[in-house]
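One structure below.
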Amino acid sequence: APGSLAPLRARAGILLALLRDSWDGPSLQALESVETSISQLAETGWVLMSGGDPRVSGLRKRWLERSNPVVMRFLGEEYWSFQSASSDAKSGLRLKELLLVLAQHPDGLSGDQLAELMEWGYEGQETVRSNIRRLRNIIPIGSRPYRLLNRVEADFIQFQTAVEAGDIDAALSLYRGPLLHSSELRFVQEQRFQFETSLRVLVVNHGTPDQLKELALRVGDDIELLELALSRQNAGSSSATLLEARLRVVSSLLLGEKR
């Protein structure tokens, strides 16, 4: 009967995963292939199936961790978290940029590709390895190719999905500001520009006057967008007053810069 094969499948998957020296793609795939068979195993079951291998407790812990999401809020914020770790304690910009690059490439990146996107120069491979080692102390990372092994919950991914679906309300709700605003990495700058442009095109072409007003005030310093939003409001309305006030502020700031 198929059920009688479950222990054999579980044992085969666990032993195959233990053959790997690091927590990478092949190990994960070995366990995923027997997920049904191991889903109900307690820790004692894992120990039994492994033949008492001392590494199996760590393997089981990492397998269970895979269901915990890596959370990123990078639109107008610079926050990430995974289990008990977060940017509250580890606030380095480079780590956030690395998480963003990996999240935007779910199928993974080679060492050369990652080094290029992170702008790590001539000693890129060694820099990649050292940064991946540090990141692995916090979050499970696969190798060959490098990728995030856990589910990702990222506002910028949800934003992209909303824009592609034409869901203006969801896109505006998610777009709280520029992507990872303190980063000067070329990849981040390109993504930042793409996000704002795609939202602008969507709202200008298909949005209501209120949605256009919301976008103009959210972006804040785009005179053309503020003027367009104002042109679609009823004269003398509270929305028009808000936009006119913002336009005066932005115009005076631009005049001050030119002097």
Side-chain angles (χ1 to χ4, degrees), residues 1-74 79-92 94-96 98-111 113-114 125-155 157-158:
S4 64
L5 296 176
L8 292 175
R9 292 195 186 103
R11 178 173 171 78
I14 289 171
L15 290 176
L16 180 58
L18 286 169
L19 285 174
R20 312 295 178 178
D21 291 328
S22 62
W23 183 247
D24 57 13
S27 297
L28 186 63
Q29 290 162 12
L31 293 175
E32 284 178 342
S33 67
V34 295
E35 182 167 7
T36 303
S37 301
I38 64 176
S39 60
Q40 301 301 318
L41 279 182
E43 185 167 3
T44 53
W46 282 69
V47 173
L48 179 64
M49 295 297 172
S50 72
D53 192 305
R55 298 172 297 163
V56 78
S57 292
L59 177 65
R60 179 175 181 268
K61 178 175 179 290
R62 291 190 295 270
W63 168 250
L64 295 175
E65 282 176 351
R66 90 203 190 287
S67 63
N68 294 322
V70 181
V71 176
M72 301 177 215
R73 296 203 299 266
F74 287 169
Y79 174 84
W80 65 266
S81 68
F82 177 70
Q83 295 184 304
S84 60
S86 76
S87 52
D88 293 338
K90 299 178 184 295
S91 59
R94 225 38 176 158
L95 188 152
K96 296 168 188 173
L98 182 54
L99 284 173
L100 171 63
V101 168
L102 291 172
Q104 289 290 69
H105 296 88
D107 293 330
L109 294 164
S110 68
Q113 289 171 321
L114 189 54
Q125 285 300 315
E126 182 53 40
T127 307
V128 165
R129 285 190 289 271
S130 63
N131 277 275
I132 289 294
R133 278 196 298 270
R134 283 196 290 271
L135 187 56
R136 275 198 181 119
N137 291 329
I138 311 167
I139 297 169
I141 302 292
S143 56
R144 301 183 299 275
Y146 294 114
R147 66 210 176 281
L148 295 167
L149 294 177
N150 287 57
R151 179 168 51 90
V152 172
E153 289 183 3
D155 57 358
I157 294 176
Q158 295 165 348

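Residue numbers start at 1 and run along the sequence shown.
Heavy-atom minimum distance, V34 versus G13: CG2-CA, 3.9 Å. Across S37 and R9, no two heavy atoms sit closer than the pair OG-CB, 3.6 Å. Scanning all heavy atoms of the two residues, the minimum distance from F82 to P69 falls at CD1-O, 3.5 Å. Looking at every heavy atom in both residues, G111 comes nearest to Y146 through CA-CE1, 3.8 Å. A pairwise comparison of heavy atoms in P106 and R147 identifies O-CB, 4.2 Å as the closest pair. Across all their heavy atoms, I138 and A85 have their closest contact at CG2-CB, 3.5 Å.
Looking at R11, its side chain does come within 3.5 Å of a backbone N or O of M49 through a donor-acceptor pair. R55 places a side-chain N or O within donor-acceptor distance of the main-chain N or O of L18, the cut-off being under 3.5 Å. Judged by distance alone, with hydrogens and angles left aside, the side-chain atoms of R136 form a donor-acceptor pair with the main-chain N or O of I141 at under 3.5 Å. Remark: side-chain polar atoms of N150 are not paired, donor with acceptor, to backbone N or O of V70 under 3.5 angstrom. Between the side chain of R94 and the backbone N or O of G92 there is no donor-acceptor pair closer than 3.5 Å. Side chain of Q113 to backbone of S110: a donor-acceptor contact under 3.5 angstrom is found.
With rounding to the nearest 0.5 Å, the separation of CH2 in W80 from CG in L98 is 11.0 Å. The distance from the CG atom of D155 to the CZ atom of F74 is 8.0 Å, given to the nearest 0.5 Å. Taking CG of L102 as the reference point, atom CD1 of I132 lies at 5.5 Å (rounded to 0.5 Å). Atom-to-atom distance recorded for Q158:CD and R73:CZ is 10.5 Å, nearest 0.5 angstrom. To the nearest 0.5 angstrom, L149 atom CG is 10.5 Å from I139 atom CD1. Between the CD atom of Q104 and the CG atom of L109 there is a distance of 11.0 Å, given to the nearest 0.5 Å.
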Exercise for the section: Would you sort out whether N131 and R134 count as a side-chain hydrogen bond (donor to acceptor under 3.5 Å, both in side chains), showing the intermediate values? Expected result: CA-CA 5 Å; N131 277 275; R134 283 196 290 271; 3.2 Å; yes

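In this structure, the side chains of R60 and E43 come closer than 4.5 Å at one or more pairs of heavy atoms. Within the 4.5 Å cutoff, side-chain heavy atoms of L99 are placed close to those of L148. Looking at heavy atoms from C-beta onward, L41 lies in side-chain contact with I14 at the 4.5 angstrom threshold.
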